[in-house]
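On a predicted model such as this, the values are computed, not experimentally measured, just so you know.
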Amino acid sequence: MSVLLIAGSPSERSRTAALLEATGQRLEARGVQVDRLRVRDLSPQALLLADFGHPSISQAAGQVARADVVIVATPVYKAAYSGVLKVFLDLLPQDGFKNKVVLPLATGGSPHHMLALDYSLRPVLQSLGAKHILPGIYATDAQVAVSESGIYQVGTDIGRRLDDAVNTLVTETLQPGLAIAARFAPVAFSQVQYSS
């Protein structure tokens with residue numbers, strides 16, 4: 001199974017990118033194949049003019065189609081997800097997320113924008129046919145701080161939430177047999193009893 005990370009930030013380096021990359025690194029550490037898509041790298045003209053046939057747009061739509069799990073990360077601006085992400089999602093087919101599990105991530109200046117995940121992004125993900133949308137993770141600027149060297153670092157509390165989300169993805173979505181197996185202790189064949 002494959003996971004696609006969609007970076008919906010217009011900035012190359014950002015808290016949103018750091019949050020998304022921290023998620024990707026956790027998945028890769030668990031042996032999961034991760035693919036990346038930065039919306040900002042797509043043709044701006046093709047995005048704005050809804051040029052479905054443009055190579056960058058069709059390639060990105062293909063990445064989405066091939067993924068089993070999609071992790072969407074966006075900054076929150078004016079209580080909504082980024083315009084760059086909106087333009088890209090508008091170019092996907094109406095069932096672009098059909099049969100996919102989606103994990104939404106967002107960053108914002110303060111906790112006041114936390115509900116943007118549920119009230120602006122989640123309805124769009126549902127309208128694209130997502131099979132299951134995991135509880136989103138929202139991080140404030142203070143939770144993804146900038147180090148003295150200018151590198152964004154995910155805080156411990158957000159790191160724990162990412163660990164939980166990745167664990168859920170791996171055990172319940174990507175390797176569902178593990179979730180069932182974890183509930184039962186292994187039984188040696190010599191201990192198996194049967195009756196006739």
Exercise. Is there side-chain contact between Arg40 and Glu12, with at least one heavy-atom pair below 4.5 Å?
Worked result: yes
Exercise. If you group Ile, Leu, Val, Met, Phe, Trp and Tyr by side-chain heavy-atom gaps below 4.5 Å, do Val84 and Phe52 land in one group?
Worked result: yes
Seminar exercise, completed: The single option from Leu103, Leu117, Leu85, Ile133 that satisfies side-chain contact (heavy atoms from CB on, under 4.5 Å) with Val72 is Leu85
Problem set entry | Residue pair Pro75 / Ser11, side-chain heavy-atom distance below 4.5 Å | no
Exercise. What heavy-atom pair brings Gly159 and Val154 nearest, and what distance separates the two atoms?
Worked result: N-CG1, 3.8 Å
Exercise. Do you know which two heavy atoms are closest between Leu19 and Ala139, and how far apart they sit?
Worked result: CD2-CB, 4.3 Å
Exercise. Just by distance, do the side chain of Ser43 and the backbone of Ser56 share a donor-acceptor pair under 3.5 Å?
Worked result: no
Exercise. Between Gln94 (side chain) and Ser127 (backbone), is there a donor-acceptor pair under 3.5 Å?
Worked result: yes
Problem set entry | Verdict with reasoning, Asp157 to Arg161, per salt bridge (Lys or Arg N to Asp or Glu O under 4.0 Å) | CA-CA 7 Å; Asp157 55 335; Arg161 293 184 61 204; over 6 Å; no
For this session: Determine, step by step, whether Ile71 and Leu169 satisfy the side chain to side chain contact (heavy atoms under 4.5 Å, CB included) criterion, reporting the C-alpha distance in whole Å, the side-chain angles of both residues, the deciding distance to 0.1 Å, and the verdict.
Result: CA-CA 10 Å; Ile71 301 176; Leu169 279 174; 4.0 Å; yes
Exercise. For Thr107 and Thr16, does a side-chain donor sit closer than 3.5 Å to a side-chain acceptor?
Worked result: yes
For this session: Compare all side-chain heavy atoms of Val69 with those of Leu4 and state whether any distance is below 4.5 angstrom.
Result: no
Problem set entry | Closest heavy-atom pair and its distance - Leu134, Pro104 | O-CD, 3.4 Å
For this session: Count the heavy atoms of every other residue, nucleotide or ligand shown that sit under 6.0 Å from OH of Tyr119, and state whether that count exceeds 12.
Result: no
Exercise. If you round to the nearest 0.5 Å, how far is CG of Leu27 from OG of Ser2?
Worked result: 11.5 Å
Exercise. Taking all atoms of both residues into account, what is the closest heavy-atom pair of Ala165 and Ile137, and its distance?
Worked result: CB-CD1, 3.8 Å
For this session: Could you check if a side-chain atom of Gln45 sits within less than 4.5 angstrom of a side-chain atom of His54, using non-hydrogen atoms only?
Result: no
Problem set entry | Side-chain donor-acceptor contact under 3.5 Å, Asn167 with Arg26 | no
Exercise. Which atom pair, heavy atoms only, marks the closest approach of Ser58 to Gly53?
Worked result: OG-O, 4.4 Å
Exercise. Between Arg36 and Glu28, is the closest basic N to carboxylate O distance under 4.0 Å?
Worked result: yes
Exercise. If we only count heavy atoms from C-beta on, is the Tyr81 to Val124 side-chain gap below 4.5 Å?
Worked result: yes
Seminar exercise, completed: Distance col, row Tyr138:OH vs Gln143:CD, nearest 0.5 angstrom, shows 8.5 Å
Exercise. Can you tell me how far the CG atom of Leu162 sits from the OG1 atom of Thr23, to the nearest 0.5 Å?
Worked result: 4.0 Å
Exercise. What heavy-atom pair brings Ala116 and Ala79 nearest, and what distance separates the two atoms?
Worked result: CB-O, 3.7 Å
Exercise. How long is the gap from CG on Asp68 to CD on Gln33, to the nearest 0.5 Å?
Worked result: 9.5 Å
For this session: May I ask you to decide if Ala65's main-chain N or O and Lys100's side chain share a donor-acceptor pair within less than 3.5 Å?
Result: yes
Exercise. Can you check whether Ser9's main-chain N or O pairs, donor with acceptor, with Ser82's side chain at less than 3.5 Å?
Worked result: no
Exercise. What distance do Arg15 atom CZ and Leu105 atom CG have between them, rounded to the nearest 0.5 Å?
Worked result: 15.5 Å
Exercise. Hey, what do you get for NE2 (His132) to CG (Asn99), rounding to the nearest 0.5 Å?
Worked result: 13.5 Å
Exercise. Please walk me through it: do Leu47 and Leu91 pass side chain to side chain contact (heavy atoms under 4.5 Å, CB included)?
Worked result: CA-CA 8 Å; Leu47 283 170; Leu91 295 179; 3.8 Å; yes
Problem set entry | Side-chain heavy atoms of Leu37 within contact of Leu5, under 4.5 Å | no
For this session: Check whether any side-chain heavy atom of Leu128 sits under 4.5 Å from a side-chain heavy atom of Leu89, and report yes or no.
Result: yes
For this session: Compare all side-chain heavy atoms of Val39 with those of Val87 and state whether any distance is below 4.5 angstrom.
Result: no
